[in-house]
Amino acid sequence: MHLVTKSYFENFCRDFGAPYDESKNFEAFVNYCAFAKYSGDSVEVSDLVYEGADPGIDGALLFLDDRAVFSSEELDEIFQSTRREYQVSIVLTQAKRSVTWAKQEIDSFSAAIVDYLSETPAQPHSPYLEEFKKMFNKVFEYIGRIKGGLPNIYAYFFSAAPDTDAVEINAAFQVGEASLKKMGYSNETQFIKAHRDVIHELWLSADGPMEAKLATIGYAPFPAAPNINNAYVATVSARSFIDSILKDSSGVPRKKLFEENVRDFLGIDVDVNSEIAETLNDANKKPRFGLMNNGVTIVASSVRPAGQEIYIRDFQIVNGCQTSNILISKDQQVDNSVSLMIKLIEADEAAVIDDIVRSTNRQSKVEDAQFISTLTALRELEQYFNAKGVGEVNRIYFERRKGQYRPENVAPVRIFDVREMARCYSAIVMMRPDLSSRYPNRLTGELLNEVFAQGAQEDDYYTACYCHYRLRMLTSNKRFDGKYSKLRWHIMTAASKYCGAKFKELACKSKNEALYNLFSANDGGWFEKLDLLIKTAIPDPNISRDLLKSPPLTGIILSNIDALI
């Protein structure tokens, strides 16, 4: 393996607590590189790989727009909860650590995909791939709700080898892509030669800062304001805005632009959005687009004008999600006659950004639950994590904003965003590992007020996240079999019951203190207790996927814990 590839791979294993052998960890590494191209969601290593029969496919991922979906039940729930259209992207991967190319391996990968997606596949499939096939079939049940009428299929053959001009290798990719297109299951179809330079590029772009140069028609500075470093209002060509801000250098829509925006894209058919889209469809109205639209507000860590261009770094669209997504959807209709007003604000204080987010989203009614990034409770939790983490060897961080700890070079395994915190809280406090594992979007959706209930104790959230971090490290360091990673939420629920009943016998003042001690040790008495608890609760980690997602599993595990209580 090339020295640079090896370095990136080792960084991934360290930062994400990869718990498997080198071969399986490499699969997780390249699958993460692909995952991050399509989604800005947090993801666990155990969600990127699978155990069981391997028909020649090492990874299978499905995205609705930029949301990763891992179960047919969640796919159903998303489609049934809204009437909007989604762009569906299906990503299939093969990972090879070899530094040489083999035509037979490429041919085998394309043949495996064709067989797998066929109505009567000949190859055996793991439980994960069986579930993924259900998801694939279910997509076609909602075919009328898919942009373009069909999903997009992207097949990545990842190789640690350098790029090659060998005719037979390039021909294998061309033939493979043709065979995938011939199936007729996809709108856009790509069979990608993901050589080591592609891996490097994907890895660096996965969590690196976003940078762009935006050409303007004209701009003017705002007057100086407290805690605002720089601010400009600019008139730009909508075409330039799409090409430089909404899309990356490869022409792919950026996936992390709207994490500060309080609303998801509502779809092109809702009243306000259909009006915006209709303006772009009308040749006479298009030149007035910028005058009829409220514009877009961008917050960045750096805003620097240079001539008629403005350079921005680490930027987020905090208002204008609807306008931006419609511009992407109507890309073909956007020409140089379409203009747009943009506010560019350089600010780094959390409270100032909160105020900007809240105020710029008041032109239409937005429910309080949608201000998830600015809830007072979350700001207080961030302060609590920072205060408690001082002096901690195993320090963990709560990240309200994507990338806020990047300058401090904090390993991702130590960072919890709102979604991951909610999953941890659900497992430890709500005792609902099924929600944590199968329906995480519910926790920051319909169950938001229950997860972040008024009066909840900050230490419950901290302890829940700490247990998750330590469990990941214990599997990463091979103290427990990596197969327990997929059962982490159930293990945390079992530990919660055990410590709730036994903390006084364990000479602890509270359940949280017992949980903290139980997960902190790498050996010794507390580690032996955790080892016994896990093996009592889940004697065999080779649990079928059907049982893993079934409600009775939680009851079985908790009843097993009774033997220790």
Side-chain angles (χ1 to χ4, degrees), residues 40 65-66 87 147 205 209-222 230-268 272-283 285-347 356-357 360-361 363 402:
D65 290 343
D66 62 353
Q87 178 174 294
K147 292 179 182 177
S205 64
M210 289 191 292
E211 300 177 332
K213 285 183 179 179
L214 177 62
T216 72
I217 297 170
Y219 62 86
F222 278 101
N230 278 301
Y232 298 86
V233 60
T235 303
V236 304
S237 158
R239 182 74 263 158
S240 174
F241 177 67
I242 293 172
D243 294 338
S244 60
I245 302 297
L246 298 183
K247 294 182 177 182
D248 62 20
S249 58
S250 301
V252 177
R254 299 183 193 267
K255 304 304 179 184
K256 303 174 185 179
L257 278 177
F258 305 108
E259 289 168 351
E260 296 287 358
N261 201 286
V262 297
R263 286 169 292 178
D264 284 335
F265 181 46
L266 301 174
I268 203 167
V272 63
N273 289 348
S274 63
E275 290 178 12
I276 298 174
E278 184 56 37
T279 304
L280 293 172
N281 291 332
D282 189 322
K285 290 183 179 180
K286 273 200 289 189
R288 299 198 297 268
F289 182 88
L291 299 173
M292 299 166 67
N293 188 272
N294 288 331
V296 173
T297 302
I298 296 175
V299 172
S301 66
S302 179
V303 178
R304 296 288 181 271
Q308 287 298 109
E309 294 182 327
I310 298 181
Y311 166 85
I312 57 176
R313 178 183 173 91
D314 282 329
F315 51 94
Q316 284 279 306
I317 292 176
V318 299
N319 179 254
C321 173
Q322 309 306 314
T323 296
S324 298
N325 277 283
I326 289 168
L327 287 172
I328 292 174
S329 300
K330 292 289 185 178
D331 187 293
Q332 298 303 313
Q333 281 76 35
V334 179
D335 55 31
N336 289 329
S337 72
V338 184
S339 60
L340 188 68
M341 184 187 73
I342 297 180
K343 284 190 286 187
L344 298 147
I345 303 168
E346 180 182 320
I356 294 169
V357 172
T360 56
N361 281 278
Q363 55 269 61
K402 189 75 173 180

Spacing of CD1 belonging to Ile312 relative to CG belonging to Leu214, to within rounding of 0.5 Å: 6.5 Å
Intermediate values then yes/no, side chain to side chain contact (heavy atoms under 4.5 Å, CB included), Asn230 and Arg304: CA-CA 8 Å; Asn230 278 301; Arg304 296 288 181 271; 2.9 Å; yes
Any donor-acceptor pair under 3.5 Å from Asp65 side chain to Gln87 backbone: yes
Pairing residues for Ser301 by the side chain to side chain contact (heavy atoms under 4.5 Å, CB included) criterion, not counting sequence neighbours: Arg313, Asp314
Taking every heavy atom of Ala234 against every heavy atom of Thr216, the minimum-distance pair comes out as CB-CG2, 4.1 Å
Can you list every salt bridge (Lys or Arg N to Asp or Glu O under 4.0 Å) pair that touches residues 288-302, not counting sequence neighbours? none
Begin from the C-alpha positions of Thr323 and Asn294 and carry the test side chain to side chain contact (heavy atoms under 4.5 Å, CB included) through to its verdict. CA-CA 9 Å; Thr323 296; Asn294 288 331; over 6 Å; no
How far apart are the closest heavy atoms of Ala238 and Leu327, and which atoms are they? CB-CD2, 4.3 Å
Please identify each residue that fulfils side chain to side chain donor-acceptor pair (under 3.5 Å) with Ser337, with sequence neighbours left out. Asp335
Contacts of Phe222 meeting side chain to side chain contact (heavy atoms under 4.5 Å, CB included) (sequence neighbours excluded), chain-then-number -> Ala231, Val233, Lys343
Side chains of Leu280 and Val338: does their closest heavy-atom pair fall under 4.5 Å? yes
Once you round to the nearest 0.5 Å, how far does CG of Leu340 lie from CZ of Phe289? 6.0 Å
Taking the side chain as every heavy atom from C-beta outward, state whether Ser329 and Lys147 have any pair of such atoms under 4.5 Å apart. yes
Nearest-0.5 Å distance, CD1 of residue Ile310 to CD1 of residue Ile342: 8.5 Å
Minimal non-hydrogen separation, Ala212 against Ser244, with atom names: CB-O, 3.3 Å
side-chain contact (heavy atoms from CB on, under 4.5 Å) test vs Leu344 passes for just one of Thr297, Val299, Val303, namely Val303
Given 3.5 Å as the limit, does a donor-acceptor pair link the side chain of Gln308 with the main chain of Ile217, or not? yes
Output the distance between atom CD1 (Ile242) and atom NZ (Lys330), rounded to the nearest 0.5 Å. 12.0 Å
Could you work out, with salt bridge (Lys or Arg N to Asp or Glu O under 4.0 Å) as the rule, every residue matching Lys247, not counting sequence neighbours? Asp331
Minimal heavy-atom distance between Ser339 and Thr235, with the atoms involved, is CB-CG2, 4.5 Å
Roughly how far, to the nearest 0.5 Å, is the CG atom of Asn336 from the OG atom of Ser240? 9.0 Å
Tyr232 meets the ring-ring contact (aromatic ring centres under 6.0 Å, His included) criterion, sequence neighbours left out, with Tyr219
Heavy atoms of Leu246 and Ser324 approach each other most closely as CD1-O, 3.5 Å
What pairs with Asp243 under salt bridge (Lys or Arg N to Asp or Glu O under 4.0 Å), at least two apart in sequence or on another chain? Arg239
For Lys285, side chain to side chain donor-acceptor pair (under 3.5 Å) partners two or more places apart: none
Compare every heavy atom of Tyr311 with every heavy atom of Lys213, then report the nearest pair and how far apart it is. CG-CD1, 4.2 Å
